[in-house]
Every structure is written in structure tokens, then in C-alpha cells.
Amino acid sequence: MGRRCVFLIGLLGAVWLLASGHGGQQPPETAAQRCFCQVSGYLDDCTCDVETIDRFNNYRLFPRLQKLLESDYFRYYKVNLKRPCPFWNDISQCGRRDCAVKPCQSDEVPDGIKSASYKYSEVANNLIEECEQAERLGAVDESLSEETQKAVLQWTKHDDSSDSFCEADDIQSPDAEYVDLLLNPERYTGYKGPDAWKIWNVIYEENCFKPQTIKRPLNPLASGQGKNEENTFYSWLEGLCVEKRAFYRLISGLHASINVHLSARYLLQETWLEKKWGHNITEFQQRFDGILTEGEGPRRLKNLYFIYLIELRALSKVVPFFERPDFQLFTGNKVQDAENKMLLLEILHEIKSFPLHFDENSFFAGDKKEANKLKEDFRLHFRNISRIMDCVGCFKCRLWGKLQIQGLGTALKILFSEKLIANMPESGPSYEFHLTRQEIVSLFNAFGRISTSVKELENFRNLLQNIH
Ligand SMILES: *[C@@H]1O[C@H](CO)[C@@H](O)[C@H](O)[C@H]1NC(C)=O
Ligand SMILES: *[C@@H]1O[C@H](CO)[C@@H](O)[C@H](O)[C@H]1NC(C)=O
């Protein structure tokens, strides 16, 4: 496996050198090629190719998945956004203001009037405006209709989360509340700068199986790295066992996905009448262009495909759990629940039919003792990362961060339980393997985010092609 990997990377590198004009004769590359130069053909650690994934995702999976995620079962996610950050206490001023938790009755006062009221000092004004924007855009809309509130009370919560990759006590807390994910889309929030950096740095630096000997910052966004450092880093990464390498790539893929969303749902224009969200090509290029990011951008995009494939693989492995006759997507509406289950199974069978071409023995399936140790390592790392999410100052980012980490954790729980799932009884209780409602909702919504990002890449490709 390792050798094949190195070979593939070498091959991709050669293709890239040719494509980027180092051969001399080629015409200058276009902006689109610069972002996607390495992101075509085969992916490392898997022999699937990007074009097949794009077709499969964008046309067959994405539309059905969107429909499923709009259903009541999947749109309400219970989350505790009020847990204090356990690691440090200088969370940004913006996030600390109560305003971000409870939206300040934004429908009552037109935005234009609100922002007019503090335009007296230009310096203060800029600061406040930035903060205010981050606060307002980052706020979580917690409104649920009375009907929904009653319904969620009925929902069974069979929670045996001993095996959970993330913090289970989260949802038992009186502070935990249901939020409507459709009312709180993941998009540009204005949350950036040192605070956002710090979160990603801590995740990469302290939670990614990084050995002491590597000095280079793991956060691929950090700049000023020498070429030698970079080579050490990538050879270190290659030397890791496939799962630990996977861990880094999963985090990087998640990071990339979040940034694709922010670039695709950018706040382009704001008047007191309306907000206009859309694609910001400059923002996308700053994060993913091969030259602007010194080669990191295309790697990030490859990791996005990687996390896509890992979550896809988890979904294909967990089919027996959802196929059991006593499994319900329970909301109390029998007809709707049955229809949703049918749609869910349809999606899962579609996924199962996708030829993944992973080496079946390469992930999470080493000898039993080693696998258990690895599983425990992963679990601790994930719990930690989900707690780091409590330090995110922007509440909407915190919501989606927690959800996606839980979803990814659930995917890994599935991959580490392959054998248990395969041996599950066809009916009756399953004591060995179980998923809670929270895990199911986060698993599918997290995959929905990644699937949306893959779809958005196509949109960006087209936009970038048109600017030339
Ligand atoms: C958990 O995160 C904290 C803060 O970043 C770090 O100090 C600690 O080493 C991490 N623990 C594990 C198991 O990753
Ligand atoms: C797009 O993003 C860049 C930052 O990357 C920003 O400077 C620019 O104003 C944005 N464009 C629009 C139309 O908002």
C-alpha cells in the first residue's frame, strides 16, 4: 500500500509539473487549472478517481440527500452551545456577548437603522461593525414552532453512548436545545482572524498524532515554511500508519469543506432590504489556488475527497443497521416516517453500489489488539476535538463544527465496528452495535456538508473557467 501511495503521489507530481508549464511549451495555466491541478485522476490511499466521484455525487447522490436532510427527522439537531471552553478563557469579545446566543430580535429593527445608531467614531466604528457583523451572522436562530417543540418531546432518545466518539453528556444537559439546521445554514459568518486560527492550530498541533520532532506547524494555513520543513512533514505523513495519516487528512478535509462553504455562501452584498449570498471566487482562490497557497490548496481539496470517501465507506458499511425492520426514523408521523426510511435506504443502496476501490484490509482492520488500541486513540482525539469546539467564539460555527465532528466520529465508530455490524441479528435488539438519533442526524448531515462541498467544487470550476 505504502509503496503504491508514494508511486501515485510521484505520478501526480509529475503530471502537475507538466501541467504547470515546467515543461516549457505549455500555454500558461488558467485559474481553474491552478486550483484543481492535482485534483483529478486517482487519489492517494484509494484507487478511485475524482471524476467518477464528481459524477456520482453531483448527479445521483446529492439531490436525494438534500431531500432527506430537509425532513423533520434530520433537520432538528440537539446541541449544547453553552458549554464553557475547557482549555482557555479568552474567547473573543464578539462571541461572548449574549447577543450571539439569542438573536437580538433582528426582525423588529431594520438592519439599516441599527447600524446607523453607532456611526459616530470612525475607528470604533470599524471595530464594532466587524464585531457586530460576526456576531449577527454567527448567531444561531433557536426558534422552533410550538408544534415542533411538542414533537421533539416525544422523540425517543435511546442513548447508550458508551462507545461514543464525542461528548455524550452534551445533550443530557439542561442547556442543550434543539436547533433547526435549515434555519441556520453553514455559510460566511465574518468569524476569522486570530480566534479562528487558534482553534485550527490547537486541533492540528495538539491533537493530530504529531511527533515532537516535527517543527513545522501542522496547520496547512500557516505560512512561511521552508521547503525542507515541508518535505520532512510530508515524509513524516507518509511514514505514519494508514489510519493516523487518515486522521490528519480527515481534519484537513473537514477544514477544506468548511472553507468551500464559506466561499460559496459569501455575504456579497448587504442592504437594509436584503442580504445577497453567493460565490466569492477571490476568497476561494486565496484558500485553494496552487500558487497563492504554495501548493497547499490542491492538497486540501484532495483531502476533501478523502473525507468524502471515508464517510461514504462508513455509510456503505452501516446499511444492515438501517435495514432492520424495527429501525424507524421516528418523528410520530407514520406515513412520513415510512417514506423517509424508504428514501434513506434508497440512498444507502446507491452508496453501496459505488465502487470504492479501497484496499479492504487497509483501514481500521489490523489485528484485533492493534485495532482496539487505535480505536481508543482515535476516540480520545475526537472527544478532545469536540470539546475544542466549545471554544469557538462564533455560535453558528460552533454548531456546525460540533455537528460535523460528531458525524465524522460516528463514521469512524462504524468503520471500527465493521465486524459487529456484519454479524448483527436481522431483527430484535442489537446489543453490540447501536446508533443514537443524535449520531444518525449528525452522520447524515455531516456527509451532506461534504457532499455539498464536492458539488460546489464543480460550480467553482465553472466560474473560474469563465473568468478567462
Ligand atoms: C486535548 O487537547 C488539549 C488542548 O489542546 C491538549 O493539551 C491535549 O494534549 C489533548 N489531548 C489529546 C488526547 O489529544
Ligand atoms: C470576496 O472576498 C475577498 C476576500 O477574500 C474580499 O476582499 C472581497 O470584498 C469579497 N468580494 C465581495 C464581492 O464581497
Side-chain angles (χ1 to χ4, degrees), residues 29-37 39 92 94-95 106 110-112 114-116 119 122-123 125-139 184-201 217 219-225 252-301 303-304 392-394 396-397 400-401 449 452-453 455-468:
E29 54 189 350
T30 66
Q33 282 163 347
R34 285 217 313 258
C35 288
F36 297 103
C37 54
V39 195
S92 86
C94 293
S106 48
D111 287 13
K114 268 190 299 184
S115 46
K119 284 197 167 128
E122 222 175 297
V123 188
N125 185 35
N126 283 347
L127 259 176
I128 295 173
E129 210 165 291
E130 211 169 89
C131 199
E132 185 88 357
Q133 195 198 33
E135 191 176 284
R136 194 163 28 81
L137 300 176
N184 292 285
E186 185 183 32
R187 64 185 173 198
Y188 178 80
T189 60
Y191 179 65
K192 52 184 173 191
D195 289 314
W197 267 78
K198 185 166 177 182
I199 300 288
W200 284 109
N201 272 336
N219 184 348
L221 288 180
S223 57
Q225 297 135 17
S252 166
L254 179 60
H255 194 176
S257 173
I258 290 172
N259 285 335
V260 169
H261 272 83
L262 305 189
S263 315
R265 313 259 186 288
Y266 198 92
L267 181 60
L268 295 175
Q269 211 182 24
E270 188 175 21
T271 65
W272 68 276
L273 259 182
E274 58 166 5
K275 291 194 187 69
K276 198 164 155 269
W277 306 88
H279 295 86
N280 181 330
I281 301 178
T282 315
E283 180 81 15
F284 181 82
Q285 283 177 306
Q286 279 177 6
R287 295 174 187 279
F288 298 109
D289 182 279
I291 291 177
L292 294 179
T293 61
E294 296 179 16
E296 282 297 333
R299 284 195 192 105
R300 290 173 201 154
L301 292 181
N303 291 338
L304 171 67
V392 175
C394 150
K396 202 177 278 168
C397 316
W400 283 103
R449 296 293 83 210
T452 306
S453 290
K455 169 90 175 133
E456 284 299 346
L457 289 189
E458 183 179 55
N459 296 338
F460 275 115
R461 253 193 206 101
N462 293 337
L463 287 168
L464 283 163
Q465 246 137 32
N466 291 340
I467 61 174
H468 278 267

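We use all heavy atoms of the structure for the numbers below, so side chains are in, but hydrogens, waters and symmetry mates are not. Along the sequence shown, residues carry numbers from 1. Counting starts at 1 for both ligands and their atoms, in listed order. Please read these numbers as outputs of a predicted model, since none were measured by experiment.
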- request: Can you measure from OG1 (T293) to CD (Q285) and round to the nearest 0.5 angstrom?
  value: 10.5 Å
- prompt: Polar-atom distance check: E283 versus ligand 2, any N or O pair below 3.5 Å?
  reply: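 There is such a contact, yes.
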- request: Verify, without hydrogens or angle tests, whether S263 (side chain) and N259 (backbone) share a donor-acceptor contact under 3.5 angstrom.
  value: yes
field: Ion pair check, E458 and R461, cut-off under 4.0 Å
entry: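 Looking at E458 and R461, the cut-off is not met.
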- prompt: For H255 and R300, does a side-chain donor sit closer than 3.5 Å to a side-chain acceptor?
  reply: no
message: Closer than 4.0 Å and a protein heavy atom, does any atom meet both conditions relative to atom 2 (O) of ligand 2?
response: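 It does; a protein heavy atom is within 4.0 Å.
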field: Flag: protein heavy atom within less than 4.0 Å of atom 7 (O) of ligand 2
entry: no
For [atom], what is the closest protein heavy atom, and at what distance to 0.1 Å?
atom	result
atom 14 (O) of ligand 2	Y266 CE2, 3.5 Å
atom 12 (C) of ligand 2	N280 ND2, 3.7 Å
atom 13 (C) of ligand 2	L268 CD2, 3.8 Å

task: Using a 4.5 Å cut-off on heavy atoms from C-beta on, say whether the side chain of L463 contacts that of F284.
output: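 They are not in contact (no side-chain heavy atoms under 4.5 Å apart), so the answer is no.
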query: Does the pair N462 and H279 meet the rule for a side-chain contact (heavy atoms from CB on, under 4.5 Å), with working shown?
result: CA-CA 11 Å; N462 293 337; H279 295 86; over 6 Å; no
field: Close-contact set for ligand 2 against Q286 heavy atoms, below 4.0 Å
entry: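 Taking each heavy atom of Q286 in turn, ligand 2 has 5 (O) under 4.0 Å.
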